[in-house]
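What follows is a set of notes on a single structure, which appears directly below.
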Protein chains: 2
Amino acid sequence: MTRKSADGGGGRSTIRDVAARAGVSAATVSRVLGGVYPVSATTRTRVLRAVRDLDYVADARAKAIAGVGTPTLGFVLDDITGPSFALMAHGVEREATRLGHLCLVCSTDGDAEHELAFIETMRAQRAAAVILVGGSADTPEYRARTGRVADALAAAGSRLVLCGRPPLDPGAPVSVVEYDNEGGAYALCAHVLSRGHRRILYLGGKPEHTTAQGRERGYLAAHRARGVEPDPVLRLAGDFTRDSGYRSMRRALEVGLEFTAVMAATDMVAAGALTALHEAGLAVPGDISLVGYDDIPFARDLHPALTTVHVPYEELGRLAVRTALEWGRKRGPEASDEHLLLGTHVVVRDSVGALVTSSAG
Amino acid sequence: MTRKSADGGGGRSTIRDVAARAGVSAATVSRVLGGVYPVSATTRTRVLRAVRDLDYVADARAKAIAGVGTPTLGFVLDDITGPSFALMAHGVEREATRLGHLCLVCSTDGDAEHELAFIETMRAQRAAAVILVGGSADTPEYRARTGRVADALAAAGSRLVLCGRPPLDPGAPVSVVEYDNEGGAYALCAHVLSRGHRRILYLGGKPEHTTAQGRERGYLAAHRARGVEPDPVLRLAGDFTRDSGYRSMRRALEVGLEFTAVMAATDMVAAGALTALHEAGLAVPGDISLVGYDDIPFARDLHPALTTVHVPYEELGRLAVRTALEWGRKRGPEASDEHLLLGTHVVVRDSVGALVTSSAG
DNA sequence: GTTCCGGGGGAAACCGGTTACTGAGGTGTT
DNA sequence: AACACCTCAGTAACCGGTTTCCCCCGGAAC
């Protein structure tokens, strides 16, 4: 018994098995399944019968190689566990399947090496596009290497999309869909400053991380626009996790830093910081004001509800795939490298109080 | 100029392009890249040179069809946005890539139709396994249909894995990796009862949802074990979102339900409920005690920190892929349908207080 | 100087599909 | 009755790889 088994439904059957069972050629089976080519009614039913009997499904890889496959799209993120990443991932996935694409996903845990490797895999998969979600370390080598894979992808007719990550060097064949990271931070910090605060503790991320950098820039710019020089002592590095916020806050309290407000780089960080503040017996916003960034769903369930910056993360993800796919369609003329910048807005809740100064300082 | 361009790096080149450029046959290129077959040093360098010049990467689909591809594994979840789903997804993804598999992902937003369609797509992709993550509506038709796709997958040498979802009818060729949903709820509820509470409001999920059912069973069983008959009025349906918790809690308060503690079906629901309680001026746990389920990272940042049930979600995801893949390996002998049940434990924080009754009730 | 051996590489078959080309058979027109 | 035309199905080439089979050629052994 060869592997060309004609058993009823048992095992992976090929189009030839179906053809044999229906007493026709493989081409005919393909045509019946494919749709448009004229096939007589009796043949069609015989073929469909065989297909059903064998529970046949055409091999998608073979179809793909023949040029009629479901297109695929790869996307990479740091860690699906982060709420804002999850939101973007959701947007990407929803829009991709809406447009009939499959999603290959990979998380890197911040490992640039791994990211590059995955992109290479996507190139091998002939993915229609690769979407890089979330910030990254921004070293010159990194930009150069990412630029190179962007070139490789472009040469293969694919496309690299940066989603929520700043552009590479100009000229790199990438599409960029990001939000106004710095502007959001600026507006948020301005809000805190407008309530009278002057010593605002900034709980940041990794110094080389682009998202952290953008938010810190906004923090600094808002200060300077008000004519207050931010104290460098008040800027703490960390990462974007809840635990980092908790630890940083505790340490700040222990070493006796002086501040009346805290601006956390993310809502997660803010959540950890809030817990540390509570544990220290400090009231928010009575004693200390606190703001976050991202407006994750949970932000409003913290106590007090967290004032933060809303970022249209899911929309960002959707736009990333739409951009990638549209680019692929109209490639011909002079497909300029798109760069979309979505707006953010601060959502004021209950976590920042007005600071009444005894005198006009 | 035909499409067989031999340009330097520009565009998708085939193995034949590389062969032509290196002045060898396609077979030789394949052998150089493949590894083991003896190839002379000079030929090897010539081929590698051509590969580099053309920036050639073998088409993964073609390799797959020839039987030497990177295996793929599909996984389906309700909504990546839910923290516990995200945790499982992370586990699945990490373990899959650790074992050298690619991940095709799809979220269904609870649409069973869509779930079935995706599984069919995975069958066409010849996925090594398909992992269904999270609960589902448990109707007889659903079990029957899922059983059928499980059969189809099994016939194709693939495998369906249910992760965090109860088994199908016995005999269905599926692997199950779940946690003790009911047991966790039982322990949690027992804890609340042990602090003196007798009227515990249960904020549940959709009645047909298996996860919701399991937790409710635990709630009921704990009551009965204590000899207290739970008041049906205290069981509210909803879904597993924060908003649902908020709304249900408000409504419960408005209609004047009497209770001294709240057991939310998930931490998300608990978070919404907590905010509603705060807004109503009720202290937790002073006036009302509150517990959740899932132990999502945020649970400890609520105020008060939430007592809840810890579920090893990430481990669950990892185990799901390991189970699936091991099954595929040892298929021969008498690959019994595995069923793993992971334990949970309640983590006591600050959200439930002791109820002092005026007299022994 | 033959024969034998084995290393290295090419031709061709194969994986599982699609599709351009070809041709058989039936119908309609003059 | 002859011819054109249309419908439908089969043959074969192709997609981009891998692998089997076979041959050629150089060196060692006799």
Side-chain angles (χ1 to χ4, degrees), chain A residues 2-6 11-48 50-51 54 56-71 121 123-127 156-157, chain B residues 2-6 11-48 50-51 54 56-71 121 123-127 156-157:
Chain A
T2 76
R3 63 163 301 286
K4 296 213 174 291
S5 60
R12 57 208 101 189
S13 33
T14 75
I15 198 171
R16 276 166 265 272
D17 296 331
V18 178
R21 184 174 243 268
V24 298
S25 74
T28 301
V29 176
S30 176
R31 296 201 261 250
V32 168
L33 263 26
V36 289
Y37 197 91
V39 176
S40 79
T42 70
T43 305
R44 151 166 289 116
T45 46
R46 274 227 312 285
V47 168
L48 289 178
V51 166
L54 262 38
Y56 168 75
V57 180
D59 188 319
R61 291 108 34 111
K63 298 188 76 141
I65 206 187
V68 289
T70 308
T121 303
R123 192 155 75 94
Q125 294 284 342
R126 304 301 189 251
Chain B
T2 76
R3 65 162 301 284
K4 295 211 174 290
S5 59
R12 59 210 100 190
S13 33
T14 75
I15 198 171
R16 277 167 264 273
D17 297 331
V18 177
R21 184 172 242 268
V24 298
S25 75
T28 301
V29 176
S30 176
R31 295 202 261 249
V32 169
L33 264 25
V36 290
Y37 196 90
V39 177
S40 79
T42 70
T43 306
R44 153 166 288 116
T45 45
R46 274 229 308 286
V47 168
L48 290 179
V51 166
L54 263 40
Y56 169 75
V57 180
D59 188 319
R61 291 108 32 112
K63 298 188 76 140
I65 206 186
V68 288
T70 308
T121 302
R123 190 154 78 95
Q125 294 284 342
R126 304 301 190 251

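Naming: A, B, ... by sequence-line order, numbering from 1 per chain.
If you take OG1 on A:Thr14 and CG on A:Leu54, they are separated by 9.0 Å, rounding to the nearest 0.5 Å. From B:Thr121, atom OG1 reaches atom CD of B:Gln125 across 7.5 Å, with rounding to the nearest 0.5 Å. With rounding to the nearest 0.5 angstrom, the CZ atom of B:Arg61 is 6.5 Å from the CZ atom of A:Arg126.
Scanning for side chain to side chain contact (heavy atoms under 4.5 Å, CB included) contacts around A:Thr70 gives A:Leu102, with sequence neighbours left out.
One atom, OH of B:Tyr56, and another, P of D:dG16, lie 10 Å apart when rounded to the nearest Å. Nucleotide C:dG16 holds its C1' atom 4 Å from the CD1 atom of B:Ile65, rounded to whole Å. To the nearest angstrom, C1' of C:dG17 lies 16 Å from CZ of B:Arg123. Going from atom CG of A:Leu54 over to atom P of C:dG16 covers 14 Å, rounded to whole Å. Following rounding to the nearest Å, A:Asp17 (CG) and C:dC15 (P) show an atom-to-atom distance of 11 Å. Atom CZ in B:Arg126 sits about 14 Å away from atom P in C:dC15, given to the nearest Å. Going from atom CZ of A:Arg61 over to atom P of D:dT18 covers 14 Å, rounded to whole Å.
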Please enumerate all protein N or O atoms sitting under 3.5 Å from an N or O of nucleotides 23-25 of chain C, with distances to 0.1 Å.
none

Short N/O separations, protein against nucleotides 25-28 of chain D, under 3.5 angstrom:
none

Checklist outcome for this item: Expected string for nucleotides 8-13 of chain D under the B/S/- scheme (protein heavy atoms, under 4.0 Å, primed atoms plus P, OP1, OP2 as sugar-phosphate) is SBBB--
Only distances under 3.5 Å count here; give the side-chain donor-acceptor pairs of residues 22-33 of chain A to other protein atoms, sequence neighbours excluded, each with its distance to 0.1 Å.
from    : atom 1 : to      : atom 2 : distance (Å)
A:Ser25 : OG     : A:Ala27 : N      : 3.4
A:Ser25 : OG     : A:Thr28 : N      : 3.4
A:Ser25 : OG     : A:Thr28 : OG1    : 3.3

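In terms of polar N and O atoms assigned as donor or acceptor, the side chain of B:Arg16 comes within less than 3.5 Å of the base of D:dG17 in a complementary pairing.
The shortest distance between the side-chain N/O atoms of B:Lys63 and the OP1/OP2 oxygens of D:dT18 is below 4.0 Å.
Using five terminal pairs a side, the axes of the helix from C:dG1-D:dC30 to C:dT30-D:dA1 at its two ends make an angle of 60°, given in steps of 10 degrees.
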